[in-house]
Amino acid sequence: MDARYKSRDIERRSLDVDSLKRSFLEWLVYSVGKDARAATRRDWFHTCALAVRDRVVDRWMDTTRTYYHEDAKRVYYLSLEFLIGRLLTNSLSNLGIIDECRQALDRLGLSMDDVVDSEPDAALGNGGLGRLAACFLDSMASQGLPGYGYGIRYEFGLFEQRFENGWQIEHPEQWLQFGNPWEFARPEVLYPVQFYGRVEEFRDSVGERAYRWVDTERVLAMAYDTPVVGYGGDTINTLRLWSARATSDFNFGHFNEGAYMKAVEQKILSENLSRVLYPNDATEIGKELRFKQEYFFTSASLQDILRRYLQHHTTFDNLPSKAAIQLNDTHPAIGIAELMRLLVDHHGLRWDKAWELTQATFAYTNHTLLPEALEAWPVRMVERILPRHMQIIYEINAKFLNRSKARAAGDNTRLSHLSLIDERGDRRVRMGNLAFLGSHKINGVSALHTELMKETVFADLHAEFPDRINNKTNGITPRRWLKQANPALSELISTRIGEGWISDLQQISALKEKADDVVFREEFRRAKRKNKKRLAAYIARQTGEEVQVDSLFDVQVKRMHEYKRQLLNVLHTVALYNEMRDNPTVSWVPVTKIFAGKAAPSYHMAKLIIKLINDVAKVVNHDPSVHDNLKVVYLPNYNVTAAEIIIPAADLSEQISTAGMEASGTGNMKLALNGALTIGTLDGANVEIREHVGADNIFIFGLTAEEVNDLRANGGFNPREVIASNPALKRALDMISTGAFSPDDRNRYHPILQALTDGGDHFLVTADFADYCRAQDAAMQLYRDPEEWTRRAILNTANMGWFSSDRTVNEYATEIWDVHPVKPTHDGEGFR
Ligand SMILES: *Cc1c(COP(=O)(O)O)cnc(C)c1O
């Protein structure tokens with residue numbers, strides 16, 4: 001190796017303060033192209049990110065090279081969303097150089113917080129599903145698992161939410177506007193992805209029937225790689241995101257200018273494939289562009305996976321022992337048909353062999369039971385856009401239905417449930433059934449959700465394949481959600497029990513005995529208070545509202561959806577407001593109700609509920625008769641960065657979905673880990689959180705999933721009767737319906753009232769109201785006793801070890817993927 005290169009190499013990899021400072025100055029001038037006096041905060045962020053990236057690259061190449069040399073089995077996590085948020089603190093923290101970087105910036109007269117705040121939030125996801133993918137990337141890298149993320153490099157992430165007169169207004173999220181220092185463009189990693197055209201049948205060299213997909217329109221998928229820094233910096237994995245590029249094969253047969261411009265326009269349009277993330281959470285709208293996005297990234301990823309496999313292998317026999325492909329929901333499920341197409345049409349495998357390999361390679365995670373969220377694409381559309389895939393789906397279906405037990409028993413109803421095609425109305429391809437059939441394992445994301453999967457959506461497929469469905473309860477990474485987001489608490493924890501919890505969260509259980517230690521409780525409270533002050537300042541900046549740091553911070557932050565029941569929370573808010581006004585002499589526990597979350601732009605009911613919360617806030621916050629004992633704030637633009645400020649400051653965590661409707665939730669885990677007490681229904685992972693933290697340390701209320709099911713099935717629920725018999729509820733609803741919060745438009749909230757009465761209250765808001773208020777009262781009463789509250793808060797933190805995504809990923813690795821940690825070989829120079 002060239003000696004000069006080597007010394008520079010070592011300098012670039014050194015992690016001490018001086019070397020970081022020298023790198024910053026060098027990068028600022030030679031890469032950002034700015035003089036220190038002219039540099040903006042954003043320039044310094046780019047400088048800092050590039051210098052940190054330098055310290056990652058060698059280890060990244062070492063990691064990739066080791067996987068290659070060992071021909072390690074890799075896991076490929078295919079996800080339409082990766083909600084990763086900011087990366088600077090994450091990279092510094094996982095490399096263990098936060099303090100060094102802070103000092104280096106300090107010596108340059110810069111505040112690290114300002115630099116950190118200049119990074120845009122990579123919002124390449126809607127909510128829980130995308131954040132799960134990001135937590136899994138961190139956990140795979142931190143445990144040395146050879147894991148790759150594959151997704152789309154959206155030019156516009158999830159829209160930016162602002163409020164105008166309390167209404168949600170969407171603005172484009174231009175996170176790439178000033179460039180992205182973390183990514184490496186790979187213009188040479190380019191795959192064609194085809195659409196439309198037709199299928200030709202022919203006889204292959206041995207006279208077998210074979211198929212050719214011809215006259216297609218082609219788009220190119222170009223790779224952008226982002227290093228995923230594992231904790232300790234030993235393993236650096238890859239997140240590969242695809243960007244659409246037009247092909248250069250212009251049809252120069254058209255010589256007149258109009259046709260030429262038309263061809264150019266066509267090319268430009270093809271790049272729209274990676275333009276924007278669909279802002280739907282748990283509700284699909286059957287849009288053609290969305291389907292094309294799904295196929296685009298899935299096809300590119302599979303071509304890339306097969307290319308990597310073929311570097312070491314000449315047949316496909318070992319594919320399942322070298323590659324595990326996890327489908328994050330059905331969004332990449334077309335990959336089942338795509339792999340069959342690649343194996344059969346391109347590589348000449350026999351159908352049965354290809355099917356065996358496909359099933360052994362794929363596994364599928366289901367994320368929702370909501371019927372409106374189960375993807376089902378019109379057969380006519382699939383036929384037009386992917387004609388060969390439609391044939392393959394028919395073939396899979398025919399072979400499966402022919403062999404199924406239902407056919408043997410002559411049970412046509414069951415047969416129709418098993419089919420890949422929903423024959424009711426316009427015929428549709430059931431992507432969930434396709435993902436199920438093409439996978440060897442299918443998992444739900446919490447114990448309850450997995451059981452409900454077996455009883456509902458996949459009841460018939462489960463009967464057919466009783467060994468396929470298994471549970472993998474979600475988890476969250478303790479690096480981002482405790483160590484980085486909550487330095488006050490994580491430093492306290494580390495001084496008491498050491499740093500082992502960061503990579504082995506089960507060790508946090510050592511805090512249990514500290515719950516009875518009055519000094520530790522005091523320190524725990526001090527950390528919480530520090531976080532609450534930080535949040536209060538953020539609230540003041542964002543909303544102009546002053547909140548009391550010592551009030552109970554009651555937090556509901558998540559996507560806005562009727563099943564998540566923000567409406568139940570705001571109804572309680574109105575009832576509490578009334579109680580406080582009626583009893584001004586009582587010494588009330590001061591409460592700050594904190595909401596945040598985006599609504600899908602087309603989800604009118606959700607947007608109306610946002611407006612209601614903002615309208616209630618306007619009235620409550622300015623009513624002197626409640627003496628500042630109640631404040632309501634709706635923080636705009638909930639994203640990972642906002643979550644990192646809000647969650648460490650929460651006292652009470654609202655997890656109040658209608659039982660049976662939230663698959664798992666992960667916000668519930670982040671909040672409990674940060675010492676918030678949960679008020680929640682027995683839904684999703686709340687059930688398991690209760691088991692771990694203990695029933696005494698959580699406020700459970702409401703109908704169970706079984707009771708919800710019975711109530712709906714028997715039609716024995718009349719919301720009007722419930723409302724009439726509950727004066728507090730009736731009064732709150734009357735105020736809303738008569739314009740107490742909307743004097744400018746008294747009819748504004750009729751759709752909400754309508755849904756709760758004539759609409760039958762599908763989400764059982766009224767049914768759970770009384771018990772919710774009881775649980776809220778219990779929480780407020782407990783908050784009067786800071787010692788007891790803190791004791792329970794500590795027990796929450798101490799008992800959340802099992803909810804680390806390290807545990808989840810390990811379960812996937814051993815029970816589904818059969819992948820094992822690989823220790824990268826580093827040459828070791830200059831890196832501690
Ligand atoms: C964790 C997280 C979610 C998921 O929250 P739930 O309460 O589980 O729905 C959504 N958005 C962001 C930004 C998150 O960090």
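Whatever order the structure lists them in is the order used to number ligands and atoms, beginning at 1. Quick caveat: nothing in here was measured; it's all calculated off a predicted structure.
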If you look at each N/O of ligand 1, which protein N/O atoms lie under 3.5 Å away, and at what distance?
unit_1	atom_1	unit_2	atom_2	d
ligand 1	7 (O)	Lys558	NZ	2.7
ligand 1	8 (O)	Thr666	N	2.8
ligand 1	8 (O)	Gly667	N	3.0
ligand 1	9 (O)	Lys564	NZ	2.8
ligand 1	15 (O)	Lys670	NZ	2.6

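Contacts classified as salt bridge (Lys or Arg N to Asp or Glu O under 4.0 Å) and involving residues 472-489 (residues at least two apart or in different chains) are given here: Asp138-Arg479, Lys472-Glu815, Arg479-Asp806, Arg480-Glu644.
Remark: Asp554 engages Lys593 in a salt bridge, criterion side-chain N to carboxylate O under 4.0 Å. For Arg275 and Glu155, the salt-bridge test passes: some basic side-chain N is under 4.0 Å from an acidic carboxylate O.
Every ring pair (Phe, Tyr, Trp, His ring centres under 6.0 Å) that Trp789 has, sequence neighbours left out, goes to Tyr783. Under the ring pair (Phe, Tyr, Trp, His ring centres under 6.0 Å) criterion, Phe553 pairs with no residue at all, not counting sequence neighbours.
With a 6.0 Å cutoff to the six-membered ring centre and a 45° limit on the axis angle, Lys598 counts as a cation-pi contact of Phe159.
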